[in-house]
Visitor: 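Here's a structure for you.
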Amino acid sequence: MIIAVVGSGGKTTLIKKLAARYRSQGRTVFVTTTTHMFIEEDTLLTDDADTIIGALRETGYAMAGVPDGAKIKALSKETFQAVCARADVVLVEADGSKQLPLKFPNASEPVIPENSDEIIVVCGLNAIG
């Protein structure tokens with residue numbers, strides 16, 4: 001199952017909670033982005049499918065992307081597809097909001113993978129006031 005999370009104000013937090021829930025069910029979970037995402041302590045900074053799949057086999061979890069400063073950016077299409085085939089659940093941060101609670105996407109956003117099964121739209125309620 002591939003879930004794309006788009007919008008603003010809570011995407012990364014939701015992805016972390018979903019990852020923990022699916023891991024507690026014994027599923028292998030892969031987390032990545034199609035745009036940019038902050039590097040977490042356990043992020044694999046690689047575009048090598050074998051390295052990412054190895055982590056999935058070993059721990060049941062992998063977060064990976066290509067390093068881009070303090071963030072990761074999208075993996076190559078080939079790596080993304082190879083890892084998706086090995087994970088039970090793939091959680092993709094598929095939109096950037098520059099940490100704003102609300103945004104309106106432009107014509108090139110969100111960047112939703114073609115093989116997504118679900119799309120979750122998030123927005124920060126603190127935008128209401």
Side-chain angles (χ1 to χ4, degrees):
M1 173 171 40
I2 300 171
I3 302 171
V5 181
V6 303
S8 56
K11 293 184 304 295
T12 302
T13 299
L14 176 62
I15 286 171
K16 287 179 183 179
K17 289 183 181 205
L18 288 172
R21 177 190 295 166
Y22 288 123
R23 285 295 301 126
S24 74
Q25 296 170 355
R27 296 183 184 186
T28 57
V29 177
F30 173 51
V31 175
T32 193
T33 184
T34 55
T35 56
H36 287 90
M37 190 173 188
F38 282 108
I39 296 171
E40 301 285 334
E41 183 177 313
D42 57 356
T43 304
L44 299 172
L45 303 175
T46 183
D47 191 42
D48 181 66
D50 291 335
T51 300
I52 302 166
I53 291 167
L56 278 175
R57 282 188 191 136
E58 186 176 319
T59 67
Y61 173 83
M63 177 178 176
V66 176
D68 188 24
K71 295 185 176 186
I72 55 171
K73 61 182 180 180
L75 298 166
S76 66
K77 187 173 185 176
E78 296 77 21
T79 298
F80 178 73
Q81 290 175 342
V83 179
C84 285
R86 300 298 183 104
D88 296 324
V89 179
V90 179
L91 300 168
V92 182
E93 188 167 302
D95 203 1
S97 64
K98 295 185 169 66
Q99 298 185 309
L100 296 172
L102 190 62
K103 69 170 276 194
F104 189 84
N106 68 34
S108 65
E109 300 172 314
V111 186
I112 299 170
E114 296 173 2
N115 55 347
S116 296
D117 297 301
E118 294 180 17
I119 300 168
I120 299 174
V121 180
V122 188
C123 70
L125 291 178
N126 60 342
I128 296 173

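These numbers come from a predicted model, not from an experiment.
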Visitor: With sequence neighbours excluded, give me every side-chain hydrogen bond (donor to acceptor under 3.5 Å, both in side chains) pair touching residues 56-68.
Guide: H36-D68
Visitor: Taking a hydrophobic cluster as the set of Ile, Leu, Val, Met, Phe, Trp and Tyr residues connected by side-chain heavy atoms closer than 4.5 Å, whether directly or through intermediates, do V29 and M1 fall within one such cluster?
Guide: yes
Visitor: Just to verify, what does A62 make a side-chain contact (heavy atoms from CB on, under 4.5 Å) with, not counting sequence neighbours?
Guide: F30, L44, I52, A55, L56
Visitor: Going only through I, L, V, M, F, W and Y residues with side-chain contacts under 4.5 Å, is there a path from V111 to V6?
Guide: no
Visitor: Please report the closest heavy-atom contact between G7 and D95, naming both atoms and the distance.
Guide: N-OD2, 3.1 Å
Visitor: Check side-chain hydrogen bond (donor to acceptor under 3.5 Å, both in side chains) between T34 and all other residues, then give those that pass, not counting sequence neighbours.
Guide: none
Visitor: Can you tell me how far apart CD1 (I112) and CD1 (I3) are? Round to the nearest 0.5 Å.
Guide: 13.0 Å
Visitor: Only pairs under 3.5 Å count here: list side-chain donor-acceptor contacts from residues 82-94, not counting sequence neighbours, and write none if there are none.
Guide:
from: D88; atom 1: OD2; to: T28; atom 2: N; distance (Å): 2.8
from: D88; atom 1: OD2; to: T28; atom 2: OG1; distance (Å): 3.3
from: E93; atom 1: OE1; to: T12; atom 2: OG1; distance (Å): 2.6

Visitor: Sorted by first residue and then second, give each salt bridge (Lys or Arg N to Asp or Glu O under 4.0 Å) pair with at least one member in residues 28-42; sequence neighbours left out.
Guide: K16-E40
Visitor: A quick test of your reading: do over 12 heavy atoms of other residues, nucleotides or ligands sit less than 6.0 Å from CD of E114?
Guide: no
Visitor: Could you state the interatomic distance from CD1 (I15) to OG1 (T32), rounded to the nearest 0.5 Å?
Guide: 9.5 Å
Visitor: Mind checking what makes side-chain hydrogen bond (donor to acceptor under 3.5 Å, both in side chains) contact with T43, not counting sequence neighbours?
Guide: none
Visitor: Determine which pairs satisfy salt bridge (Lys or Arg N to Asp or Glu O under 4.0 Å) with at least one residue from residues 19-32, sequence neighbours left out, and list them in order.
Guide: none
Visitor: Can you list the residues that meet the side-chain contact (heavy atoms from CB on, under 4.5 Å) rule with V122, with sequence neighbours excluded?
Guide: V5, K11, L14, I120
Visitor: Would you call M37 and V31 a side-chain contact if the rule is heavy atoms closer than 4.5 Å?
Guide: yes
Visitor: Quick one: list whatever passes side-chain contact (heavy atoms from CB on, under 4.5 Å) with T51, sequence neighbours left out.
Guide: T46, D48
Visitor: Show which side-chain atoms of residues 69-77 pair as donor or acceptor with protein atoms under 3.5 Å away, not counting sequence neighbours.
Guide:
from: S76; atom 1: OG; to: D47; atom 2: OD1; distance (Å): 3.4
from: S76; atom 1: OG; to: D47; atom 2: OD2; distance (Å): 3.0
from: S76; atom 1: OG; to: T79; atom 2: N; distance (Å): 3.2
from: S76; atom 1: OG; to: T79; atom 2: OG1; distance (Å): 3.0

